[in-house]
Novice: 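There's a structure below that I have some questions on.
Order of the sequence lines sets the chain letters (A, B, ...), proteins ahead of strands, with each chain counted from 1. Scope of the values below: all heavy atoms of this structure, side chains included, with no hydrogens, waters or symmetry mates.
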Number of protein chains: 2
Amino acid sequence: MTARQAFACTKPVDDLLDPALFKALGDPTRIKLLSCIIKCGRPCSVGEIAACCAVDLSVVSRHLAVLARAGLAESSKSGRTVRYGARHAHLCQTLRALADAVEECVPSRLAACEGGCCGC
Amino acid sequence: MTARQAFACTKPVDDLLDPALFKALGDPTRIKLLSCIIKCGRPCSVGEIAACCAVDLSVVSRHLAVLARAGLAESSKSGRTVRYGARHAHLCQTLRALADAVEECVPSRLAACEGGCCGC
DNA sequence: TGCGTACTTGTGCCATGATGCAAATATAGC
DNA sequence: GCTATATTTGCATCATGGCACAAGTACGCA
């Protein structure tokens, strides 16, 4: 298979390799916050999370919003406080699906496929 | 567990959530190139890969170097041509390890742990 | 209704990074 | 050695994004 053919061939890995998702994971501060709520297990308020690191609370608020928009966290509001919790199950599922999609493309499997598995 | 405790508590997920890795995956053009060499299965030359997309060859060269530096691809030089291939196995392993590390932090497991699993 | 708390949003600044073009480097073939 | 090809690197430009501070919004409470 030529590179051009591979480029044009649509496979599950194309949809799962989402730049928007990885962009959300690409900032050190944001990763620290995500790691924090992942490890905490329960939803935490913005102020509580902000107390953990050096950056301004407004920055934390924005970072958490980004994580939520990327599907990595979810927010729930009760009164004045907004709590963010990690979407453990969704995250695991996404990662494993991507791993499976990549594994589907290992040379040995593609050779067995002989170009007949997809319409490319 | 408070957010501060979770933040301070070191778990496998901390090392596996590597911002540098995700930063490499966070650009649309770079993702297209990575997807291409993942699906192709075999190592492709820079020029061959560059022929697939609209950006300049120099840009492709830089992107592939970034992917290699992040451990997502590997390069091999033979004569004048440099070929880049996806590191399928390494990528799958990394993703699955991360999924496992996240799963280790789901609320039900943390509750069962009762704070005794780690030194935090 | 007024006040304090919790968070979000607006704004300006600065660093990073993606891009194209041109020049440089590496190497094969003559 | 000379030339053509394959790739990398230098450089200028431009867009994006992270940050702090300040202002705004939402809401509980007296």
Novice: Take B:E103 and A:R96 through the test side-chain contact (heavy atoms from CB on, under 4.5 Å) and record every step on the way to the result.
Specialist: CA-CA 11 Å; B:E103 200 159 54; A:R96 296 219 169 94; 3.1 Å; yes
Novice: Quick one: closest heavy-atom pair of A:D14 and A:C9, and the distance?
Specialist: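 Looking at all heavy atoms of both residues, the closest pair is OD2-O, 3.5 Å.
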Novice: Quick one, which residues of residues 68-83 of chain B touch DNA chain D with a heavy atom under 4.0 Å?
Specialist: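 B:R80, B:T81, B:V82 - these, ordered by number, are the residues of the stretch whose heavy atoms sit under 4.0 Å from the strand.
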Novice: Across the strands shown, which category fits A:T29 at heavy-atom distances under 4.0 angstrom: base, sugar-phosphate, nothing?
Specialist: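 The residue A:T29 makes sugar-phosphate contact but no base contact.
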Novice: Would you mind classifying the nucleic acid contact of B:R30 as base, sugar-phosphate or nothing, using non-hydrogen atoms under 4.0 angstrom?
Specialist: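 Here B:R30 touches the backbone only, sparing every base.
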Novice: Taking the nucleotide of DNA chain D with the closest heavy atom to each, which residue, B:S45 or A:D56, is nearer the 5' end?
Specialist: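 Its nearest nucleotide lies further toward 5', so the answer is B:S45.
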Novice: In Å, rounded to the nearest 0.5 Å, how long is the span from OG1 of B:T94 to CG of B:D18?
Specialist: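 Result: 9.5 Å between the selected atoms.
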Novice: Where do B:I31 and A:F22 land on the side-chain contact (heavy atoms from CB on, under 4.5 Å) test, with the steps shown first?
Specialist: CA-CA 10 Å; B:I31 281 288; A:F22 297 120; 4.3 Å; yes
Novice: Test side-chain contact (heavy atoms from CB on, under 4.5 Å) on A:V13 and A:E104 and set out the steps.
Specialist: CA-CA 9 Å; A:V13 73; A:E104 190 183 286; over 6 Å; no
Novice: Quick one: does any side-chain atom of B:H63 pair with a main-chain N or O of B:T29 as donor and acceptor, under 3.5 Å?
Specialist: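 Side chain of B:H63 to backbone of B:T29, a donor-acceptor pair under 3.5 Å: no, none is there.
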Novice: Can you tell me how far NE2 of B:H88 sits from CD1 of B:I38, rounded to the nearest 0.5 angstrom?
Specialist: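 So the CD1 of B:I38 and the NE2 of B:H88 are separated by 6.0 Å.
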Novice: Give, for atom CD1 of A:I49 and atom CZ of B:R4, the distance between the pair rounded to the nearest 0.5 Å.
Specialist: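 So the gap between those two atoms works out to 12.5 Å.
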Novice: Nucleotide range of DNA chain C contacted by chain A, 5' to 3', under 4.0 Å to a heavy atom?
Specialist: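 First-to-last contact on DNA chain C, by the 4.0 Å heavy-atom rule, is C:dG4 to C:dT11.
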Novice: May I ask you to decide if B:A68's main-chain N or O and B:R87's side chain share a donor-acceptor pair within less than 3.5 Å?
Specialist: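 Absent.
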Novice: If you walk 5' to 3' along DNA chain D, what is the first nucleotide with an atom under 4.0 Å of a heavy atom in chain B, and what is the last?
Specialist: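 Contact boundaries, 5' end first: D:dA4 to D:dC11.
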Novice: For B:C105, is there any backbone N or O sitting under 3.5 Å from a side-chain donor or acceptor partner on B:K11?
Specialist: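 Here the side-chain-to-backbone pair does not exist.
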